[in-house]
Amino acid sequence: GNVNRLKRIKKMSYSKLSPERKKAISRNAAEYAKNNYRRLSISLSPDVADKFDSICAAENISRPELIKKMIELYGLQK
């Protein structure tokens with residue numbers, strides 16, 4: 001419906017922007033991410049990683065969202 005129509009319009013609008021404007025948008029996004037998020041790098045055994053990804057798929061959520069939910073649940077147990 002309307003959401004997909006809006007996404008198509010946004011994509012078309014973005015494609016019409018100048019390369020300079022696209023670079024500015026990219027810089028702004030990178031700056032926002034740098035100021036509002038921290039990157040964590042972890043190594044998991046394949047079976048744990050597979051279980052984690054299975055939960056994400058079953059719950060239809062991203063990896064960061066699953067970690068957030070796990071931390072919230074951990075806090076409730078204290």
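These values consider heavy atoms only, across backbone and side chains, with no hydrogens, waters or symmetry-generated copies.
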**OP:** Give a yes or no on this: more than 12 heavy atoms of other residues, nucleotides or ligands lie within 6.0 Å of atom NZ of Lys68.
**Re:** no
**OP:** Ignoring hydrogens and angles, tell me if any N or O in the side chain of Ser54 forms a donor-acceptor pair with the backbone of Asp50 under 3.5 Å.
**Re:** yes
Original post:
Which atom names give the shortest non-hydrogen contact between Arg63 and Cys56, and what distance separates them?
Top reply: CA-SG, 3.8 Å
Original post:
Is Val48 reachable from Ile42 through a run of hydrophobic residues whose side-chain heavy atoms are each under 4.5 Å from the next?
Top reply: yes
Subject >> Asn35 CG: over 12 foreign heavy atoms closer than 6.0 Å >> reply: yes
Original post:
Do Lys69 and Ile61 come close enough that some side-chain heavy atom pair is under 4.5 Å?
Top reply: yes
**OP:** Go through the steps for Ile25 and Leu17 under the test side-chain contact (heavy atoms from CB on, under 4.5 Å), then give the verdict.
**Re:** CA-CA 10 Å; Ile25 290 170; Leu17 296 175; 3.6 Å; yes
Original post:
So if you build clusters from Ile, Leu, Val, Met, Phe, Trp, Tyr with side-chain heavy-atom gaps below 4.5 Å, do Met70 and Ile55 land together?
Top reply: yes
